[in-house]
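Every value quoted in this text rests on a predicted model; they were computed, and no experiment measured them. Every heavy atom of this structure was used, including side-chain atoms; hydrogens, water molecules and symmetry mates were not.
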Amino acid sequence: MSACAPTHSSDADPPGRTTRSGPPASSTSPPPQPGPPAPSSGTSSSTSAGASPRTARPYRLRGLLPRPRRGGAPGGALAADLSASVSVFLIALPLSLGIALATGAPLQSGLVAAAVGGIVAGRFGGSPLQVSGPAAGLTVVVAELIQLYGWRTTCAVTVLAGLAQLGLSALRTARSALLISPAVVHGMIAGIGVTIALAQLHIVLGGSPESSAVANALALPGGLADVRPAALSVGAVTVAVLLLWPRLPGRPGELTRRMLPAALAAVVLATAVTVLGGLRLPSVDLPSWRSHALPGLPEGPVLGLLAAVLTVTLVASVESLLTALAADKLAAARTLPAHLSAVRIPRADLDRELRGQGLANTVSGALGGLPVTGVAVRTSANVQAGAVSRNSAVLHGVWVLLAAGLLAGLLELIPLAALAALVMVVGVQMVKIVHIRSVTRHREVPVYVATTAGVVLFGVLHGVGIGVAAALAVALHRLARTRIGCERDRDGGTYRVRVRGQLTFLAVPRLSRVLSGLPEGSRVVVELGGSFMDHAAYETLRDWEISHTAHGGRVEVTGRSAPCVREPSGAHGCTPWTPWRNHQCTWPRPGGSPHGDSADAPAREPVRDRLLGGVSNFQRTTAPLVREELARLAREGQRPSQLFLTCADSRLVTSMITSSGPGDLFTVRNVGNLVPPPGAEAGDDSVAAAIEYAVEVLRVESVTVCGHSGCGAMQALYGSGAEAPGAASAPGRSLARWLGHGRPSLERLTGRGGPVPRIVAPGPVPRESDELEALCLANVVQQLDHLRAHPCVARRLAEGSLRLHGMYFHVGEAQAYVLDGSPVRSPERPLLRPGTPDATDNPDIPDGGEAPVFTPVRPDVPAV
């Protein structure tokens, strides 16, 4: 994580921090905050005319919902959270009962955990949109604890796990929990899902689950031979509704799914089938709250209890933190309605989230509830339902609490077979195809399989340990697996030594053997394909290079690790180039950096100091890497193959978008990438001189005119410069005279100067361009016409020794488009087909009547 990246410690972030769901804030104007609007600060507490103080403040649950901050979100935020909380409640209610059934705990413990998870974790957690409660990921762990130690000791283990989470949050170790390989996490989830599905399948068939996944698998043939039709039919109805409900067609189906979630619909329909059909099946039995079991003193072996606390802490923490990160991604990807566009949704503070989960587990265990963790299903539903603050999670917990006290009679009608089928489907869905594809793509299938098998066969803690060991073994294998080969070029004078993989001390014997077999005095090219080289490999390669050069040989080292080898032996250590994307940390924009700064941030250094700081950074990090190449260019002079004419816009980094380096491009930049035609009134000799120098003296092979999206010159030319950022609202005399060279482009846009160019993206539907973008495209084509009118360019084109190219770079998409065939035409000189006496050597030039077409550059096109 970059040192400049913002962190959010709480909802009450200082003004000026940038968030994902609103515009950047400045240090002088705090952005709106979630919550109802606060009354103005003044000596009088009266409201505006016609409004009473009572109606000016919306109803709030005192002490539960966070207080709104000054400049908060509009009143619609509370309505959005209220609607989302109802949706999440309808999903959480049946799932909480089903998970409690799957663990063998009292069914009321699932409701307790859901209410505590919503109210406590929602109020004090660090992820505002995450919803916590009993999760399927802890089902196997809790079921085993109940069988070994009983329910009261299991509650005590939950309390101790919550205290352990509080301790970890105080040590700020939340990020450390994410060091576990994703393949291990995915394998753990899959193993838990398989275990849950095998156990609940026995209840759906009308039997009882065994004590382990292996026992359930072995007992499955007997369960299939003794099926109870009533339980199977209710389970089949539940599964069918769960699978078909999301596929209800049309607008009515969408409204139905929104009002009645699939889980609730499945349980309601299964209950209706049971009641109306007169089926006699075991149903939910909620004992009186007076006999509700509370935790007792832990009883059992100390090591066993410590292992239990560690397991609950590890699984609950990792699942909660991963769900919190997923909630950030879901919230960033969605689009809020216009009336909620000013709502700030801070990123998850993982240490605070771990503290909130610890509080929730401590309270839930003390009240006789299941362990609490962040739940992906409820969190996803909360985000999709439009929640904008933690009020949604808190209210969902309140609704669960009310339902536990007021709807006990209705809940006891639910058949256990329906809840078992619901949890069984959840278990099957935990084995995600997308996870399997991900681990396959990253070649971590052994880790995934080992973790899944370990969880199914030995339990969660043992399975995670096996997965971690497998991940370490795979990492060591990749680190030690280095392929070294040597071949001789066809000319017979050059030997190429190719190293594929990381070059460590384990590969030194093979490397030394290959290098020692090369003949003295030969030319050797060493290609380093890995990104890491340790000290032993560096010394071996460096010593051999010195020895081989001393005996008359020539050595060239290429690849990502090559700069390390080129460093002097007394200053070993490779410093990478500073990534261009981090320059925004060194070059803050006026009015605040893109990441935002707090109001009390120190004053910025002058621009001159920032510039010198950047030069100093070049001398320190980049100059040692390019000094040899620049010295060669200084000796040999410049011999660029391309003249690149583009706009002076600061967002256009020519070396970045062309992957070019020193000596590759002869670049001309001006406002609007304009090429004044020869003899034009108020012409600019500097552009013409650069063209003549590049074409006649440097003998470049091609000339490229590159325009870009959002060009300020084109905006001013089109007449919308006052409204667009970066454009001159009132061009001065010099700027207005210069923009006069772009009027032919404006005429081309109207169709009088030729067909209007367009962008054609892959697929059957052409990309639609707005008029400003069309003007930027037309300007590229028009400037190519002006370029061809220069005598030196026309002469080289006639000789067939020069090519012209048109290019357009869309800044927001980071996508380059090229003019298909680079058509160049003017009203005086019609476009000619290839093969005619005056035609250029450009292939595939369209007819003069065809509109010029820009096509995107694909990332899979190989470099020349």
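Shown here are the salt bridge (Lys or Arg N to Asp or Glu O under 4.0 Å) partners of E254, two or more places apart in sequence or in another chain: R251, R258. Partners of S109 by side chain to side chain contact (heavy atoms under 4.5 Å, CB included), not counting sequence neighbours, listed by chain and number: A100, A105, P106, W151, L370. Contacts of T362 classified as side-chain hydrogen bond (donor to acceptor under 3.5 Å, both in side chains), with partners at least two apart in sequence or in another chain: none. Under the side-chain hydrogen bond (donor to acceptor under 3.5 Å, both in side chains) criterion, S87 pairs with no residue at all, not counting sequence neighbours. Checked against salt bridge (Lys or Arg N to Asp or Glu O under 4.0 Å), R172 has the following partners two or more places apart in sequence or in another chain: D351. Not a single side-chain hydrogen bond (donor to acceptor under 3.5 Å, both in side chains) links T195 to another residue, sequence neighbours left out. Taking the side-chain hydrogen bond (donor to acceptor under 3.5 Å, both in side chains) definition, one finds that E353 meets it with Q130, Q357, sequence neighbours left out. In this view, A393 and V131 satisfy the side chain to side chain contact (heavy atoms under 4.5 Å, CB included) rule, not counting sequence neighbours. Shown here are the side chain to side chain contact (heavy atoms under 4.5 Å, CB included) partners of A164, two or more places apart in sequence or in another chain: T313. Listed by chain and residue number, L138, M188, T311, E319, V460 satisfy the side chain to side chain contact (heavy atoms under 4.5 Å, CB included) test with V315 (two or more places apart in sequence, or in another chain).
Screening V423, I196, V426 for a side-chain contact (heavy atoms from CB on, under 4.5 Å) involving T139 leaves a single residue, I196.
Under the 3.5 Å distance criterion, with hydrogens and angles disregarded, no donor-acceptor pair is assigned to the side chains of S85 and S392. At a cut-off of 3.5 Å, with distance as the only test, a side-chain donor of S389 or D81 sits close to an acceptor on the other residue.
The stretch residues 90-102 participates, sequence neighbours left out, in these side chain to side chain donor-acceptor pair (under 3.5 Å) pairs: S96-R378.
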